Amino acid sequence: MPKACAYHILVNTEKLCLELKEKLKKGADFNKLAKQYSTCPSRKRGGDLGEFNKGDMVEAFDDVVFKKPLFEVHGPVKTKFGYHLIKTVYRT
């Protein structure tokens with residue numbers, strides 16, 4: 001079964017998600033922004049979700065993690081939880 005490791009920042013609005021993406025483009029630290037803004041419990045780990053299997057996450061999230069290029073910030077990705085910025089660090 002395919003596995004991956006990803007970091008994410010989860011926020012309630014697309015507007016904030018886009019603002020954070022701009023900060024990242026200008027060199028902001030992903031982990032610091034996750035700790036400051038993310039509403040997910042993973043914020044304590046800088047957005048680190050650890051390793052998970054394909055199918056463990058909602059479909060829109062999985063599509064980014066398992067299909068988009070590694071080490072790039074993708075998003076906003078809308079799910080039932082809110083808006084995500086996602087950075088995948090590896091997958092098998």
Side-chain angles (χ1 to χ4, degrees):
M1 173 162 283
K3 294 181 181 288
C5 178
Y7 288 74
H8 82 138
I9 300 171
L10 174 64
V11 294
N12 293 324
T13 67
E14 185 176 24
K15 181 177 185 276
L16 178 56
C17 202
L18 289 167
E19 288 170 9
L20 295 176
K21 191 168 186 178
E22 278 304 308
K23 287 183 182 201
L24 291 166
K25 283 181 185 175
K26 293 177 182 173
D29 182 88
F30 192 98
N31 300 69
K32 287 181 182 173
L33 289 181
K35 286 179 180 179
Q36 186 175 355
Y37 292 98
S38 187
T39 60
C40 179
S42 68
R43 72 184 288 165
K44 294 176 187 153
R45 298 181 305 278
D48 184 359
L49 293 168
E51 186 176 270
F52 52 90
N53 295 316
K54 185 173 173 107
D56 286 351
M57 303 295 182
V58 294
E59 187 176 357
F61 196 96
D62 255 13
D63 282 348
V64 170
V65 170
F66 289 96
K67 295 177 182 175
K68 300 282 187 178
L70 298 173
F71 304 110
E72 293 180 15
V73 177
H74 301 284
V77 176
K78 186 177 185 331
T79 70
K80 64 182 179 181
F81 303 105
Y83 294 87
H84 306 259
L85 293 176
I86 305 168
K87 180 172 66 171
T88 307
V89 292
Y90 71 82
R91 64 178 164 248
T92 60

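Small disclaimer: the values here were computed from a predicted structure and weren't measured.
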Give me the atom names and distance for the closest heavy-atom approach of [X] to [Y].
| X | Y | value |
| --- | --- | --- |
| Val89 | Phe71 | O-CZ, 3.2 Å |
| Ala6 | Ile86 | CB-CG2, 4.4 Å |
| Leu20 | Leu33 | O-CD1, 4.0 Å |

Please report the interatomic distance [atom1]([X]) to [atom2]([Y]), rounded to the nearest 0.5 Å.
| X | Y | atom1 | atom2 | value |
| --- | --- | --- | --- | --- |
| Asn31 | Arg45 | CG | CZ | 11.5 Å |
| Lys35 | Lys44 | NZ | NZ | 12.0 Å |
| Asp29 | Gln36 | CG | CD | 11.0 Å |
| Met57 | Leu49 | CE | CG | 4.5 Å |
| Cys17 | Glu22 | SG | CD | 11.5 Å |

With sequence neighbours left out, what residues match Glu59 under salt bridge (Lys or Arg N to Asp or Glu O under 4.0 Å)? none
Decide whether [X] and [Y] are clustered together by the hydrophobic rule: side chain heavy atoms of Ile, Leu, Val, Met, Phe, Trp, Tyr closer than 4.5 Å, transitively.
| X | Y | value |
| --- | --- | --- |
| Tyr7 | Leu18 | no |
| Phe81 | Val64 | yes |
| Ile9 | Leu70 | yes |
| Phe61 | Phe66 | yes |
| Tyr90 | Phe30 | yes |

Taking [X] for the side chain and [Y] for the main chain, is one N or O donor matched with an acceptor at less than 3.5 Å?
| X | Y | value |
| --- | --- | --- |
| Arg91 | Val65 | yes |
| Lys3 | Glu51 | no |
| Ser38 | Leu10 | yes |
| Asp62 | Lys54 | no |

Report the residues that fulfil side chain to side chain donor-acceptor pair (under 3.5 Å) with Tyr83, sequence neighbours left out, ordered by chain and then residue number. none
Presence of salt bridge, Lys23 and Glu19, under 4.0 angstrom: no
Using the ring of each side chain (for Trp, its six-membered ring), is His8 parallel, tilted or perpendicular to His84, with breaks at 30° and 60°?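 If you compare the ring of His8 with that of His84, the planes turn out parallel.
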